[in-house]
Amino acid sequence: MFAVAPLSDSDIPEIVASFTAAGWNKPDQQFRQYLAESSRRARIALVARAEGVFAGYVTLVWVASYASFRRAGIPELQDLNVLPRFQRQGVATQLLDAAEALAKSRADTVGIGVGLTADYGPAQRLYALRGYLPDGQGAQSQGVALRWGSTITVDDGLVLYMTRVLAD
Ligand SMILES: CC(C)(COP(=O)(O)OP(=O)(O)OC[C@H]1O[C@@H](n2cnc3c(N)ncnc32)[C@H](O)[C@@H]1OP(=O)(O)O)[C@@H](O)C(=O)NCCC(=O)NCCS
């Protein structure tokens with residue numbers, strides 16, 4: 001089992017160092033911004049620890065950056081990451097359980113966007129297994145819905161958004 005708690009200032013150096021050691025670029029500034037947004041209640045950032053050691057994090061925003069969620073009042077999970085050495089041990093499952101429970105306090109549906117390349121294959125499977133369904137709008141590239149005949153660059157901005165109804 002992992003302990004899940006809100007991000008605090010003292011977590012940040014360890015988080016940044018852990019991702020750097022794993023070869024992932026997660027700048028200090030990103031977490032400082034999450035803290036600032038948390039203090040004005042725009043975002044919740046949750047951190048998972050295994051026996052005190054940082055393992056992963058997820059965030060939840062009440063006002064989604066994806067327009068379709070925003071219009072529907074659907075809070076959006078953003079930026080789920082688990083350090084490679086802690087993957088396949090249930091860390092993301094526990095983070096999502098906690099974040100979805102918080103979302104449920106204010107909404108009956110929660111949403112998430114997932115990239116379409118194989119880099120996001122584990123996340124695609126995880127979300128499908130948890131009951132997330134495509135939102136029916138098709139994939140978005142840099143926030144714009146793909147149209148038949150579009151030419152796009154495949155990058156992290158190519159996203160399929162999915163929703164889960166938060167049952168009682
Ligand atoms: C996606 C990610 C967060 C999953 O974290 P995790 O802690 O390993 O996930 P869990 O251990 O909770 O996995 C739960 C289930 O999801 C599925 N799953 C997770 N990783 C998988 C993988 N690599 N291949 C296939 N299925 C996978 C499995 O069904 C798994 O259950 P099981 O291990 O009992 O078979 C992690 O792989 C990650 O950080 N990836 C890189 C960043 C990323 O893609 N973030 C999501 C952005 S939308």
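Order of appearance sets the numbers: ligands from 1, and atoms from 1 within every ligand. One-based numbering along the sequence shown.
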Would [X] and [Y] count as having a side-chain donor-acceptor pair, cut-off 3.5 Å?
{"X": "Y34", "Y": "D79", "value": "yes"}
{"X": "Q33", "Y": "R43", "value": "no"}
{"X": "T153", "Y": "D155", "value": "no"}

- Task: Indicate, as side chain, backbone, both or neither, the part of Y127 found under 4.0 angstrom from ligand 1 when only non-hydrogen atoms are considered.
- Result: side chain
- Task: Check each heavy atom of L129 against ligand 1 and say whether those closer than 4.0 Å belong to the side chain, the backbone, both or neither.
- Result: side chain
- If hydrogens are left out, which of Q94, M162, Q87 has an atom nearest to atom 37 (O) of ligand 1, that is, the closest non-hydrogen atom? Q87
- Query: Counting heavy atoms only, which of Q78, R88, R125 comes nearest to atom 24 (N) of ligand 1?
  - Reply: R88
Tell me, which protein residue and heavy-atom name are nearest [atom], and how many Å apart are they?
{"atom": "atom 41 (C) of ligand 1", "value": "W24 CH2, 3.9 Å"}
{"atom": "atom 45 (N) of ligand 1", "value": "L80 O, 2.8 Å"}
{"atom": "atom 44 (O) of ligand 1", "value": "Y120 CD2, 3.4 Å"}
{"atom": "atom 42 (C) of ligand 1", "value": "N81 OD1, 3.3 Å"}
{"atom": "atom 11 (O) of ligand 1", "value": "G90 N, 2.8 Å"}
{"atom": "atom 23 (N) of ligand 1", "value": "P122 CG, 3.3 Å"}
{"atom": "atom 4 (C) of ligand 1", "value": "A92 CB, 3.7 Å"}

- Close side-chain approach of V114 to Y161, heavy-atom, < 4.5 Å: no
- Task: Please tell me if the side chains of L160 and L116 come closer than 4.5 Å, counting only heavy atoms from C-beta onward.
- Result: yes
- Task: I would like to know whether Y57 and D11 meet side-chain contact (heavy atoms from CB on, under 4.5 Å); could you show each step before the answer?
- Result: CA-CA 11 Å; Y57 72 94; D11 292 322; over 6 Å; no
Contact (N/O only, under 3.5 Å) between [X] and ligand 1:
{"X": "V82", "answer": "yes"}
{"X": "T93", "answer": "yes"}
{"X": "G113", "answer": "no"}
{"X": "L126", "answer": "no"}
{"X": "A123", "answer": "no"}
{"X": "Q89", "answer": "yes"}

- Check the pair E14, R49 against salt bridge (Lys or Arg N to Asp or Glu O under 4.0 Å), reporting the backbone distance first and the verdict last. CA-CA 11 Å; E14 183 189 358; R49 290 180 172 277; 2.7 Å; yes
- Numbered atoms of ligand 1 (with element) below 4.0 Å of V91, judged on heavy atoms: 7 (O), 12 (O)
- Message: Under 6.0 Å between ring centres: does that hold for F19 and F54?
- Response: yes
- Message: Within the protein, is there a heavy atom lying under 4.0 Å from atom 8 (O) of ligand 1?
- Response: yes
- Within 45° cone of W62 ring axis and under 6.0 Å: R106 NZ or CZ: yes
- Message: Can you confirm whether R32 is buried at CZ, in the sense that more than 12 heavy atoms of other residues, nucleotides or ligands lie under 6.0 Å from that atom?
- Response: yes
- Message: Under 4.5 Å between side-chain heavy atoms, counting indirect links through other Ile/Leu/Val/Met/Phe/Trp/Tyr residues: same cluster for V61 and L166 or not?
- Response: no
- Query: Going through the distances and angles, do E100 and R130 end up as a salt bridge (Lys or Arg N to Asp or Glu O under 4.0 Å)?
  - Reply: CA-CA 11 Å; E100 288 168 2; R130 289 183 73 83; 2.8 Å; yes
